[in-house]
Student: 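Could you have a look at this structure, given as structure tokens, before my questions?
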Number of protein chains: 2
Amino acid sequence: MQKGNAAYIKTMNKRLILKCVMEEDAISRAAIAKKLSLSKPTISTLVNDLLEDQWLIETGNGSASREGGRKPVNLTFNAKRSYIVGIDIGGTNVGMGITDLNGHVCAFREFPTQQHLEHNLFEEMKRNVDSMKDQLRIDDTKILGIGAGIPGVTNIKEGIVVEAPALKWKRFPIVAELEKTFQLPIHVDNDVNINVLGEHWMGIGKNKENLVYVAIGTGVGSGIMINGNLYRGTNYSAGEIGYLVTDKEYAKAYHPVHKGYGFLESVSSGSSISMQITKKLGKELSAKQAFELYNEGDEAAVEVIDQALEHLAIGISNYVSLFDPEIIILGGGVSGSFSLIHKKVMDIMNRYAPQQCEVVRTSFGKEAGVIGSVALFLNEFEGLFEI
Amino acid sequence: MQKGNAAYIKTMNKRLILKCVMEEDAISRAAIAKKLSLSKPTISTLVNDLLEDQWLIETGNGSASREGGRKPVNLTFNAKRSYIVGIDIGGTNVGMGITDLNGHVCAFREFPTQQHLEHNLFEEMKRNVDSMKDQLRIDDTKILGIGAGIPGVTNIKEGIVVEAPALKWKRFPIVAELEKTFQLPIHVDNDVNINVLGEHWMGIGKNKENLVYVAIGTGVGSGIMINGNLYRGTNYSAGEIGYLVTDKEYAKAYHPVHKGYGFLESVSSGSSISMQITKKLGKELSAKQAFELYNEGDEAAVEVIDQALEHLAIGISNYVSLFDPEIIILGGGVSGSFSLIHKKVMDIMNRYAPQQCEVVRTSFGKEAGVIGSVALFLNEFEGLFEI
DNA sequence: AATTAGTAAGTAAACTTTACTAACCTACAA
DNA sequence: TTGTAGGTTAGTAAAGTTTACTTACTAATT
């Protein structure tokens, strides 16, 4: 528990004021005082501090009230006070961006991962960040730090990627490497946690307290927020939906589609669908191609995909039974097949779960990882404000 | 977020001191100051307040340090300052108790539920509480309030039991009834939440941050604590393990063992086992009797129970995959068959879950519900201390 | 003599209350 | 139409309150 002293009070109240201003986007000192039930002089003093530190800006007068009186001085949150770098390390591409404090992506770059993975990955990152800094005409003093998302098991305390098959990393000291490259505060986490944080901060999960992000791609994974906080689990392995068992008998005989894969991802991930359809039709097909065949009514594709989606839907329905979230957000490679998946999930959930839950598609495009990484950074950063 | 002012600081620091004393059970002012890094005078002032309010007692001098110096004055938490009433309303028995602030059950009573359910349930409660008050020679001023656990769906905000089949209650205004009977602050919740709170406060889940309590009885239910807080879910229905689907194909054909029951409790609860064995052997048998037959090696019993426990174990393994708790506590009517269940769960979890998790038996006997109800009350009660 | 426990007196930092000035609107009379 | 009185709101200044901290002390012990 936090120990109480004067400085702590002040920080708390400053945070409240910032939060207040961010919610209202233009508000007067008097209105803040009323809203927070703090006295007007207190608000004045704290606002002056915040103005001096450039967290806030005075943006001219508002209009006076009907009953007369002096015009209020409007205060606005200064989103351009500082910037944050978000890095989304994917198996295919590395996405990089610089956002302002409102989560607006001011600059964005992308480069293919595998091309640089072996020799100059971090130099390439540095080059891109420098180029974005030039574009925005800012220097390092304006940058609070860097958040990064990793497609694999990450020990966030030690700052080490335990294992990331897509990058062929094992016990890779990611934080140390990034610190060496950038000399800025760094926070990292795995990609599903990044995504759920992003959706909660700026996406479709805004203002929700309990949400789940399910990523369906090569594997199946998920990130959880509870009471507005990321829940990582005792061993940092909460949300491993890919390990759910949705069929007792079938599970007895299953073989992991890749080494270390759980049951559900072995029967319903993209790679699983691809592998099954390939075996069935005797020719190499991707999951995307399988869905195309499905839409054409191909019998083999329908059988494989229906089975896979049923397992997936039961997994999600089980999630709802245990967690009772406000919303479930589906991401990963589902964009093309969302409506199909959605229908299946709603059917199964309706049949088996004790109550319903909204199921929606991710609200971001390729900038998702950047926004999420920035959300992670702000979430972990011991700064004045909180998101 | 909390607004900061002087009074809030003081409350915070008083709470810290109380927590400190409760952990150490005898500690001096100077030691508290060192531990909390607050100044000695601050501690002295706050301790004097706490002494005046009887939260603490001075219990004589400790021994001086090796290097010389004045003897410390020991401070102890005054667990007998106040008492709390815990009521555990079960389908068979109502358990009632009065505990001190340390969770020690100072008095306990029990009476059969159904006998009093229709006419004088609350009078009987009142009679028992009065008798316990006499026994302990305390009056209402010493009692902070009442916590109660309900075997059914409970809307804790409105204080209404939405549905409790074991009591034949539907939309029953439990809080209003208890307030009318006792004129004391009341908090209620459902029985699994009560149990997990109890285990966390005084049982085997002490000092664990993330824990799950699974109750296996007529149905199957569970309660969850995350980061030391009870997690109820968006619609107060988190932890509905009884609705998990553990077999896709089997689920297509299943029929709820009772109306409104989920898949898992329909195939693995006590009533399900009893119903299956009864059907198989053509004579009425309870779940307990089925387990006896199992131990004798009866073929039918082995088949039914093995199947049921496999489903249950997969459910629990799924829980571990999603939640990654520190510990899973099994309760309900499992006492006799715990080792059997435990083995099955560990096997399945070992096979399917991404990591292991301790699985243990509940640490309480028939006083479980009382301790849990008291834990609930203290958890919800806006008093000085927190547990 | 050195060390530890606890208290007293004065100071610093945060908030609040009260009282003020500045700026504005409405109503109404000339 | 214009001017003014009266009322209202925004923001600030000064004094007071509460809490914690620092410094300096006494008491008790090895």
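Residue numbers begin at 1 in each chain, while the letters A, B, ... track the order of the sequences. Treat the numbers as computed from the prediction; the structure is a model and nothing was measured.
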Student: Any idea which of D:dA20, C:dA9, C:dA5 is nearest the B:Pro72 side chain?
Tutor: C:dA5
Student: Heavy atoms under 4.0 Å, any strand shown: does B:Leu38 hit a base, just sugar-phosphate, or nothing?
Tutor: sugar-phosphate
Student: Looking at A:Ser28, I'd like to know whether one of its side-chain N or O atoms comes within less than 4.0 Å of OP1 or OP2 on D:dG11.
Tutor: yes
Student: Find which nucleotide of DNA chain D each of B:Thr45 and A:Ala31 is nearest to by heavy atoms, and output the residue with the more 5' nucleotide.
Tutor: A:Ala31
Student: Could you check how far CD1 of A:Ile43 sits from P of D:dT12, rounded to whole Å?
Tutor: 12 Å
Student: Using heavy atoms to find the nearest nucleotide of DNA chain D for A:Asn48 and A:Lys3 separately, return the residue whose nucleotide is more 5′.
Tutor: A:Asn48
Student: To the nearest Å, give me how far apart CD1 (A:Ile9) and C1' (D:dA20) are.
Tutor: 10 Å
Student: To check you understand the geometry: which heavy-atom pair defines the closest contact between B:Ile98 and B:Met132, and what is its length?
Tutor: CD1-CB, 3.7 Å
Student: Under 4.0 Å: is that the gap between some side-chain N or O of A:Lys40 and OP1 or OP2 of D:dG11?
Tutor: no
Student: Side chain of B:Arg70 only, please: which of D:dG11, D:dA27, C:dT18 is the nearest?
Tutor: D:dA27
Student: Between C1' on D:dA27 and CG on B:Asn61, what's the gap in Å once rounded to a whole number?
Tutor: 11 Å
Student: Send over the distance from A:Asn13 CG to C:dT16 P, rounded to a whole Å.
Tutor: 8 Å
Student: Name the one of A:Asn78, A:Asn74, A:Thr76, A:Asp25 that satisfies side-chain hydrogen bond (donor to acceptor under 3.5 Å, both in side chains) with A:Thr59?
Tutor: A:Thr76
Student: For A:Glu209 and B:Thr234, does a side-chain donor sit closer than 3.5 Å to a side-chain acceptor?
Tutor: no
Student: Can you tell me which nucleotide in C:dA13, C:dT16, C:dT7 comes closest to the side chain of B:Arg29?
Tutor: C:dT7
Student: Base, sugar-phosphate, or nothing: which does A:Ser39 touch, judged by heavy atoms less than 4.0 Å apart?
Tutor: base
Student: Atom CG of B:Leu16 and atom P of D:dA20: how far apart are they, to the nearest Å?
Tutor: 11 Å
Student: Can you tell me if the side-chain N/O atoms of B:Thr42 get under 4.0 Å from OP1 or OP2 in D:dA20?
Tutor: no
Student: State, yes or no, whether a side-chain contact exists between A:Trp201 and A:Ile371 at a heavy-atom distance under 4.5 Å.
Tutor: yes
Student: Could you give the CG-to-P distance, from B:Leu46 to C:dT7, as a whole number of Å?
Tutor: 12 Å
Student: Report the distance from atom CG of B:Leu51 to atom P of C:dG6, rounded to the nearest whole Å.
Tutor: 11 Å
Student: Under 4.0 Å between a side-chain N or O of B:Lys71 and OP1 or OP2 of D:dT29?
Tutor: yes
Student: B:Lys80 versus B:His104: any side-chain heavy-atom pair under 4.5 Å?
Tutor: yes
Student: Could you give the OH-to-P distance, from A:Tyr8 to C:dC15, as a whole number of Å?
Tutor: 13 Å
